[in-house]
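One structure is given here, and the rest of the page talks about it.
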Amino acid sequence: MLKIGVIGCGFIGGQICKAIDKGIIDAELYALCDSSESRVQELTASLKKYSPTSMTIEELLQNVDLVIECASQKAVRLIVPQALEAGRNVMVMSVGALADEELRERLFTLAKQNNCKLYFPSGAVAGIDGINSASAAEISSVTLTTRKPPMGLAGAPHVKALGIKLETIEKETLLFEGPAAEAVKAFPANVNVAATISLAGIGFERTKVRVIADPALSRNVHEITVEGEFGKLSTRVENLPSPENPKTSYLAALSAISTLKKILSPVQIGT
Ligand SMILES: NC(=O)C1=CN([C@@H]2O[C@H](COP(=O)(O)OP(=O)(O)OC[C@H]3O[C@@H](n4cnc5c(N)ncnc54)[C@H](O)[C@@H]3O)[C@@H](O)[C@H]2O)C=CC1
Ligand SMILES: O=C([O-])CC(=O)C(=O)O
């Protein structure tokens with residue numbers, strides 16, 4: 001049975017572990033790692049079937065078949081190269097880290113050299129399947145418009161750097177417009193989806209992103225528009241935010257669970 005190690009025991013990590021524990025994913029939950037040991041202990045206590053071992057990153061990488069990163073972009077830089085060098089397959093949630101071209105090339109090269117798989121779930125958006133298909137021909141433009149309740153953008157470097165007072169925003173306000181390469185640095189915990197879209201489509205420089213704070217919203221809304229030789233594609237999701245971490249949408253955790261099911265299934269549906 002596939003041995004899984006989860007790095008990051010927050011909302012997404014918790015949902016993945018609970019899905020394995022309930023038997024929704026036919027794999028063994030072997031190890032957990034978090035910079036906060038109390039998070040590991042709380043999550044372990046909530047499980048019924050498995051009692052995964054709390055490990056350091058180095059121990060975890062030596063003991064599992066599949067490493068799941070659901071921690072932070074910083075953690076991707078630290079963990080994923082080591083995991084690939086150790087010959088492990090890796091699922092990455094903090095995809096924004098791959099806006100760094102040097103890191104991206106290094107990870108893709110290591111995956112190839114070590115015969116490993118790197119998985120990037122669709123996350124909180126719909127339409128990655130269509131972008132994948134469309135990219136088999138020319139794509140001329142890709143735009144992501146992300147709207148979140150203002151406090152769902154709290155702590156973002158862009159918000160801090162510009163001194164934006166999110167609590168005083170009274171109407172829909174455009175906070176950022178620019179390439180995905182800049183968006184994922186400006187909002188590292190809000191638009192990882194822009195990185196996934198860039199990887200699937202036309203890259204981090206040509207993918208355009210708009211981030212809007214809207215006090216009228218209670219959901220995280222992501223709209224994608226793609227034009228190319230295939231025609232035009234538009235998607236819109238209205239995501240319920242996680243009650244534990246309002247920056248993250250529930251769909252993002254479900255996409256990780258769904259990707260795990262796909263990895264384990266002999267039947268593959270969708271691009
Ligand atoms: N690809 C996508 O569509 C989406 C990606 N994300 C990203 O996925 C990641 C996880 O999201 P959530 O579960 O909502 O976050 P969370 O904040 O609920 O949990 C993250 C956990 O990782 C731990 N952590 C952080 N850095 C670490 C490190 N270097 N080593 C070990 N543990 C570390 C934290 O202590 C925390 O327990 C975040 O980076 C988030 O931005 C979130 C939503 C959508
Ligand atoms: O969960 C979401 O709505 C999107 C998100 O935070 C991200 O892509 O980083």
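Remember, it's 1-based here, ligands and their atoms both numbered in the order they're listed. Quick note: numbers below take in every heavy atom, side chains included, and nothing from hydrogens, waters or symmetry partners. Here the structure is a predicted model, which means the values were calculated and not measured.
Other residues, nucleotides and ligands contribute more than 12 heavy atoms inside 6.0 Å of the CG atom of Asn114. The neighbour count for Glu102 CD, taken as heavy atoms of other residues, nucleotides or ligands under 6.0 Å away, does not exceed 12. Surrounding NZ of Lys261 are at most 12 heavy atoms belonging to other residues, nucleotides or ligands under 6.0 Å away. Atom OH of Tyr119 sits in a crowded spot, with more than 12 heavy atoms from other residues, nucleotides or ligands closer than 6.0 Å. Enclosure of atom CD in Glu170 is not indicated, since only 12 or fewer non-hydrogen atoms of other residues, nucleotides or ligands lie within 6.0 angstrom. Within 6.0 Å of CD in Glu58 there are more than 12 heavy atoms belonging to other residues, nucleotides or ligands.
In the vicinity of Asn220, heavy-atom distances shorter than 4.0 Å reach the ligand 2 atoms 3 (O). Of all atoms in ligand 2, listed by their number and element, those nearer than 4.0 Å to a heavy atom of Ser249 are 1 (O), 2 (C), 3 (O). Residue-ligand proximity, Gly123 to ligand 1, at heavy-atom distances under 4.0 Å covers atoms 2 (C), 3 (O). Shown in contact with Arg39 at under 4.0 Å from a heavy atom are these atoms of ligand 1, numbered in order with element: 18 (O), 19 (O), 36 (C), 37 (O). In summary, the atoms of ligand 2 found under 4.0 Å from a heavy atom of Ala124, numbered by their order in the structure, are 1 (O), 2 (C), 3 (O), 4 (C). Shown in contact with His222 at under 4.0 Å from a heavy atom are these atoms of ligand 2, numbered in order with element: 2 (C), 3 (O), 4 (C). Counting the atoms of ligand 1 from 1 in the order shown, those under 4.0 Å from a heavy atom of Gly8 are 21 (C), 22 (O). Within ligand 2, counting atoms from 1 as listed, the ones closer than 4.0 Å to a heavy atom of Thr248 are 1 (O). Close approach of ligand 1 to Cys70 is summarised as follows: ligand atoms under 4.0 Å from at least one heavy atom of the residue are 9 (C), 10 (C), 20 (C), 22 (O). Atoms of ligand 2 lying under 4.0 Å from at least one heavy atom of Asn190, given by number and element, are 4 (C), 5 (C), 6 (O), 7 (C), 8 (O), 9 (O). Numbered from 1 in the order shown, with element, the atoms of ligand 2 that lie under 4.0 Å from a heavy atom of Asn192 read 7 (C), 8 (O), 9 (O). Within ligand 1, the atoms closer than 4.0 Å to a non-hydrogen atom of Ser94 are 8 (O), 9 (C), 38 (C), 39 (O), numbered from 1 in the order shown.
Using modelled atom types and a 3.5 Å distance limit, the side chains of Asn192 and Ser94 yield no donor-acceptor pair. Using a 3.5 Å distance cut-off with no hydrogens or angles, the side chains of Ser234 and Glu223 do not pair a donor with an acceptor.
Scanning the protein heavy atoms around atom 23 (C) of ligand 1, the nearest turns out to be Asp34 OD2, 3.3 Å. Distance from atom 42 (C) of ligand 1 to its nearest protein heavy atom, with residue and atom name: Thr248 OG1, 3.4 Å. Scanning all protein heavy atoms for the shortest distance to atom 18 (O) of ligand 1 gives Phe11 N, 3.0 Å. Nearest protein heavy-atom contact of atom 26 (N) of ligand 1 is Ser72 OG, 3.3 Å. Summary of contacts: the protein heavy atom closest to atom 19 (O) of ligand 1 is Gly10 CA, 3.2 Å. When hydrogens are left out, the protein atom nearest atom 44 (C) of ligand 1 is Ala252 CB, 3.4 Å; that is the closest non-hydrogen contact. Looking only at protein heavy atoms, the nearest one to atom 28 (C) of ligand 1 is Ala75 CB, 3.9 Å.
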query = After noting the C-alpha distance and the side-chain angles of Asp34 and Ile7, does the key distance pass the side chain to side chain contact (heavy atoms under 4.5 Å, CB included) rule?
reply = CA-CA 6 Å; Asp34 197 295; Ile7 300 177; over 6 Å; no

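Taking any N or O of Lys148, backbone or side chain, at least one lies under 3.5 Å from an N or O belonging to ligand 2. Close N/O approach between Ser36 and ligand 1 is not found [any backbone or side-chain N/O within under 3.5 Å]. In terms of polar-atom proximity, Ser249 is not counted as a contact of ligand 1, lacking any N or O under 3.5 Å from an N or O of the ligand. Taking distance alone, with nitrogen or oxygen atoms compared against 3.5 Å, Gln73 stays at or beyond that limit from ligand 1. Considering both main-chain and side-chain atoms, Ala124 comes within under 3.5 Å of ligand 1 through a nitrogen or oxygen pair. For the pair Asn190 and ligand 1, the shortest N or O to N or O distance does not fall below 3.5 Å. Geometrically, ligand 2 and Ala252 share no nitrogen or oxygen pair separated by less than 3.5 Å.
With a 4.0 Å heavy-atom cut-off, ligand 2 is reached by the backbone of Val191 but not by any atom from C-beta on. For Asn245, every heavy-atom contact with ligand 1 shorter than 4.0 Å involves the side chain, none the backbone. At a heavy-atom cutoff of 4.0 Å, ligand 1 is contacted by both the backbone and the side chain of Ser35.
Clustering ILVMFWY residues whenever any of their side-chain heavy atoms sit less than 4.5 angstrom apart, transitively, puts Ile16 in the very cluster that holds Leu254. When hydrophobic clusters are built by joining Ile, Leu, Val, Met, Phe, Trp and Tyr residues whose side-chain heavy atoms come closer than 4.5 Å, directly or via intermediates, Leu118 is grouped together with Leu60. Under the 4.5 Å side-chain heavy-atom criterion for ILVMFWY residues, a single connected hydrophobic cluster contains both Val211 and Ile169. The hydrophobic clustering, which links ILVMFWY residues whose side-chain heavy atoms are closer than 4.5 Å, places Leu43 and Val40 together.
The pair Arg39-Glu37 does not count as a salt bridge, with every side-chain nitrogen at least 4.0 angstrom from each carboxylate oxygen.
Here the rule is side-chain contact (heavy atoms from CB on, under 4.5 Å) with Val191, and of Val125, Val95, Thr146 only Thr146 fits it.
By heavy-atom distance, the residue among Asn192, Asn239, Asn220, Val76 lying nearest atom 40 (C) of ligand 1 is Asn192. Residue nearest to atom 1 (N) of ligand 1, selected from Met93, Glu244, Glu37: Met93 (by heavy-atom distance). Counting heavy atoms only, Ile12 comes closest to atom 11 (O) of ligand 1 of the residues Ile197, Ile12, Val40, Val184. Between atom 20 (C) of ligand 1 and the options Ala71, Ala256, Gly14, the minimum heavy-atom separation is to Ala71.
Residues Arg88 and Asp65 have side chains not in contact (no heavy-atom distance under 4.5 Å, counting atoms from C-beta outward).
The closest approach between Val193 and ligand 1 falls below 4.0 Å for a heavy atom of the residue. Residue contacts with ligand 1 leave out Lys74, since none of its heavy atoms falls under 4.0 Å from the ligand. In this structure, Ala189 is part of the shell of residues with a heavy atom less than 4.0 angstrom from ligand 2.
Heavy atoms only, all atoms of each residue included: Met93 and Ala256 are closest at SD-CB, 4.0 Å.
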